[in-house]
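Read the numbers this way: they start at 1 and go in the same order the structure lists the ligands and their atoms. It should be emphasised that the depicted structure is a prediction, and the values quoted were computed from it without experimental measurement.
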Amino acid sequence: MNPLNHVAIIMDGNGRWGLKYKNSRNAGHKEGLKTVERIIKETIKNKIKFLTLYAFSTENWRRPKKEINYLFNLLENFLTNRLEEIHKQNIRIKILGYKKFSSKLNNLLNLAEKKTSKNNKLQINLALNYGSKLELINAFKKIKKSKSKINEKNLERYLQTKNLPDPDILIRTGNTKRLSNFLLWQLAYSEIFFEKKLWPVFTEKDYKKIINEYKHIKRNFGKV
Ligand code: IPE
Ligand code: IPE
Ligand code: MG
């Protein structure tokens, strides 16, 4: 059976769910947050050490301001209300992406990272204003500046995922089969699961099914 250390998720489909059932994309984001909580619990139950959640891409700034504000407000409220509990559960929060938000949110994110930095039950990497192409370009710039050799090891030292194992599994909900600029380097050998369901209705059972399927895949890594 394959060991499972790291699950990455592109949580897609909130907007479509919200429009269909509540006549509002933002209502879909609110509902999607409940799925996040359920999936975190299930991740802990399955003793998985790393969970990386794509919450906002560098391209998502192209969305209407009202939606962007709603998303960041949701996150702000979530962290304000739940950070203590997250900390008590021995969960570590780490942000992937550049913290270029309101000073209130930037401070809150820094606080969450700092407060939980010693926790070791589960590490949640929240990809926020994250884009893989930008991450790679910046990593190459840093290599150049340090005058070190361009090789895998040196590049990975400058990625935002430094010290993280690569994801074993990538899940994308929402019936769309693309990577949308997510972890292009790190997903080189991940097992990819495209899920038809929209994120707000993705359940623990769906998640568990993917985990079980993953465990029995023959992972070759180029070998036979
Ligand atoms: C959530 O899904 C992704 C975020 C940016 C938070 P979407 O908002 O992309 O939902 P759809 O794809 O429009 O349904
Ligand atoms: C990817 O979803 C980003 C997140 C889930 C945060 P999008 O819905 O933004 O992706 P595209 O634009 O459809 O490719
Ligand atoms: Mg989408």
Q: Does CG belonging to Asn23 count more than 12 external heavy atoms closer than 6.0 Å?
A: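 Not buried by this count: 12 neighbours or fewer within 6.0 Å.
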Q: With the threshold set strictly below 4.0 angstrom, can you tell me whether any protein non-hydrogen atom sits that near atom 11 (P) of ligand 2?
A: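 So atom 11 (P) of ligand 2 has protein heavy-atom neighbours under 4.0 Å.
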Q: Going by atom types only, do Thr203 and Asp206 share a side-chain donor-acceptor pair under 3.5 Å?
A: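 Result is yes, a qualifying pair exists.
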Q: Would one find an N or O of Ser180, backbone or side chain, under 3.5 Å from an N or O of ligand 2?
A: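 N/O-N/O distance below 3.5 Å exists for this pair.
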Q: Considering only NZ, NE, NH1 and NH2 on the basic side and carboxylate oxygens on the acidic side, decide whether Glu191 and Arg219 come within less than 4.0 Å.
A: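 Salt bridge between Glu191 and Arg219, a charged N being under 4.0 Å from a carboxylate O: yes.
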Q: Does Arg82 pair with Glu37 as a salt bridge, N-O distance under 4.0 Å?
A: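 Glu37 and Arg82: salt-bridged.
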Q: Can you tell me the protein heavy atom closest to atom 2 (O) of ligand 2 and the distance?
A: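 Answer, as residue, atom name and distance: Arg172 NH2, 3.7 Å.
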Q: Determine, using heavy atoms of Gly174 and all atoms of ligand 1, whether some pair is separated by less than 4.0 Å.
A: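 The answer is no, since Gly174 has no heavy atom less than 4.0 Å from ligand 1.
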Q: Give the single entry among Arg25, Lys20, Glu59 that approaches atom 13 (O) of ligand 1 most closely by any heavy atom.
A: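 Heavy atom nearest to atom 13 (O) of ligand 1 belongs to Arg25.
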Q: Closer than 4.0 angstrom: is that true for some heavy atom of Arg178 and an atom of ligand 2?
A: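 Within the 4.0 Å threshold, so yes.
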Q: Check ligand 1 against Arg16 and write out every atom of the ligand that is under 4.0 Å from a heavy-atom position of the residue.
A: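 Numbered from 1, ligand 1 contributes 11 (P), 12 (O), 14 (O).
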Q: Has Arg62 got any heavy atom lying under 4.0 angstrom from an atom of ligand 2?
A: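 Checking ligand 2 against Arg62, which is what was asked, there is no heavy-atom contact under 4.0 Å.
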Q: What part of Asn60 sits under 4.0 Å from ligand 1 if we count only heavy atoms: the side chain, the backbone, both or neither?
A: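 Only the side chain of Asn60 comes within reach of ligand 1.
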Q: Give the atoms of ligand 2, by number and element, whose distance to some non-hydrogen atom of Phe56 is under 4.0 Å.
A: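 Per the distance check, 6 (C).
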Q: Using a 4.0 Å cut-off to any heavy atom of Met11, which atoms of ligand 1 qualify?
A: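 With Met11 as reference, the close atoms of ligand 1 come out as 1 (C), 2 (O), 3 (C).
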Q: Centroid separation under 6.0 Å, is that true for the rings of Trp185 and Tyr158?
A: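 That pair fails the under 6.0 Å test.
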Q: For ligand 1, is there an N or O atom under 3.5 Å from any N or O atom of Gly15?
A: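 It does: an N or O of Gly15 is found under 3.5 Å from an N or O of ligand 1.
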Q: Run the salt-bridge test on Arg62 and Glu59 with the 4.0 Å N-O cut-off and return the result as yes or no.
A: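 Here Arg62 does not pair with Glu59 in a salt bridge, since their nearest N and O are not under 4.0 Å apart.
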Q: In the structure I gave you, are the side-chain heavy atoms of Val36 and Met11 within less than 4.5 Å of one another anywhere?
A: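 The answer is yes; the side chains approach within 4.5 Å.
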Q: In plain terms, say whether Lys177 and Glu195 are close enough for a salt bridge, that is, a side-chain N and a carboxylate O under 4.0 Å apart.
A: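 No, no charged N to carboxylate O under 4.0 Å.
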Q: At what distance is the nearest protein heavy atom to atom 8 (O) of ligand 2, and which residue and atom is it?
A: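 Here the closest protein heavy atom is Asp12 OD1, 3.1 Å.
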Q: Does Tyr214 have its ring centroid less than 6.0 Å away from the ring centroid of Phe193?
A: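 Distance test on ring centres: not under 6.0 Å, no.
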Q: Can you tell me which portion of Phe182 lies within the under-4.0 Å heavy-atom range of ligand 2? Options are side chain, backbone, both, or neither.
A: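 Under 4.0 Å from ligand 2, Phe182 contributes no heavy atoms.
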Q: Do the ring planes of Trp17 and Tyr21 sit parallel (below 30°), tilted (30 to 60°) or perpendicular (above 60°)?
A: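 Trp17 and Tyr21: tilted rings.
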Q: For the Mg ion (ligand 3), which N, O or S atom of Asp12 is at the shortest distance?
A: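 Nearest N/O/S atom of Asp12: OD1.
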Q: Should the proximity of Ala55 to ligand 1, defined as any heavy atom under 4.0 Å, be assigned to the side chain, the backbone, both, or neither?
A: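 The part of Ala55 near ligand 1 is the backbone, not the side chain.
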Q: For the rings on Phe101 and Phe72, is their centre-to-centre separation under 6.0 Å?
A: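 Ring centres of Phe72 and Phe101 closer than 6.0 Å.
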Q: Tell me the contacting part of Arg63 for ligand 1: side chain, backbone, both, or neither, using a 4.0 Å heavy-atom threshold, strictly below.
A: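 Just the side chain.
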